[in-house]
Amino acid sequence: MLVNGQWTKHWDPYQHTSDKGEFVRQTSSFRSWVTTDGSAGATGSAGFKAEPGRYHLYVAYICPWASRTLMLLKLKGLEDVISVSVVEPRLSEEGWRFGHFPGASTDALYGARHLHELYTRADSHVSGRATVPVLWDKKTHTIVNNESADILLMLNQAFEAWATQKINLRPDDLIDEIDSLNASLYQQLNNGVYRAGFAKSQEAYESAVVDVFTMLNTLEHRLKNRRYLFGERLTESDVRLFVTLIRFDAAYYGLFKCNLKRIAEYRHLSSYMERIYTLPGIAETVRLDHIKTGYYSVKALNPNGIVPLGPRFTFIR
Ligand SMILES: N[C@@H](CCC(=O)N[C@@H](CS)C(=O)NCC(=O)O)C(=O)O
């Protein structure tokens with residue numbers, strides 16, 4: 001991680017751990033907003049007006065938080081408006097690295113070797129983890145925002161003028177319900193799998209796994225007669241759920257020990273996952289090779305770095 005603009009020697013996969021052995025995720029540090037007129041958003045500073053070609057997304061295909069922002073780019077048809085660089089799936093001693101792993105890229109903007117260089121370019125005294133996703137402003141050479149939840153909102157709203165797909169993932173009549181479902185999805189499932197995987201006590205692990213499967217069972221029931229979580233309309237909650245489902249059997253079931261059941265054993269959840277996977281553009285946001293290579297390279301959880309051969313999805317090449 002970075003301390004006062006300097007990369008500290010070793011990358012540690014464990015984020016903060018509580019006294020009870022619970023995994024605690026760091027809060028994101030760059031929180032400005034791109035808005036249609038450049039006025040300030042909910043947090044951070046003004047000056048980031050939505051313009052085509054001005055912004056860049058740094059992502060990792062392994063990462064669910066980054067992948068959900070990529071899904072928004074596809075669903076809104078913004079690929080020609082916001083450019084993208086992809087880091088390699090394995091975290092190096094210096095964190096995320098650009099390179100030649102198939103599907104990864106170099107840093108198109110500055111030729112940086114590691115993502116942390118972008119963080120220090122934005123703030124030479126920055127401290128904290130250099131996480132993906134990063135929404136970068138090419139005009140002022142800085143990070144606008146590194147919190148995917150905020151980036152999702154920006155991509156849904158601020159670039160409407162150039163979006164080739166006029167889909168609103170947060171329709172007015174559903175906003176409160178979407179936000180409330182998102183909050184429990186995050187706590188119990190999206191971050192629940194991480195709480196299980198990185199728990200340092202049996203108690204913390206078990207409580208996380210119970211949360212994960214309680215949520216999966218509830219969702220399985222909810223999706224019995226529905227196309228998407230809120231019926232016929234695809235919403236932001238579906239994007240948030242999909243990124244965890246698609247990684248589940250490949251990484252969370254084995255590596256994170258969330259092994260009471262696979263998604264393949266849930267009839268409705270698995271057909272729902274396939275339904276979203278086959279939406280135009282979404283398959284391009286899913287790289288199972290990155291997902292498996294990346295998660296299974298976390299030495300603290302898998303010292304020998306062996307990557308499992310399975311699972312095999314019938315609908316993924
Ligand atoms: N709150 C952030 C979390 C992002 C995050 O934790 N990303 C992970 C990858 S999945 C990361 O970059 N980790 C690098 C590190 O911890 O050093 C968001 O949702 O944008």
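Atoms within each ligand, like the ligands themselves, are counted from 1 in listed order.
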Below 4.0 angstrom, N of the basic side chain to O of the carboxylate: do [X] and [Y] qualify?
X	Y	result
Asp137	Lys139	no
Arg170	Asp179	yes
Arg121	Asp107	no

[X] versus ligand 1: do any nitrogen or oxygen atoms come within less than 3.5 Å of each other?
X	result
Trp96	yes
Val132	yes
Ser148	yes

Point to revise | Under 4.0 Å to a heavy atom of Pro133 - the qualifying atoms of ligand 1, by number | key: 20 (O)

Practice item. Number the atoms of ligand 1 from 1 as they appear, then name those within less than 4.0 Å of a heavy atom of Cys63, with their elements. Key: 7 (N), 9 (C), 10 (S)

Step through it carefully: locate the ring centre of [X], locate the ring centre of [Y], and say whether they are under 6.0 Å apart.
X	Y	answer
Tyr295	Phe256	yes
Phe98	Tyr58	yes
Tyr186	Trp65	yes

Review point. With a 4.0 Å heavy-atom cut-off (strictly under), which part of Asn146 contacts ligand 1: side chain, backbone, both or neither?
Key: backbone

Revision key, fill the gap. The answer for which part of Arg129 has a heavy atom under 4.0 Å from ligand 1 is side chain

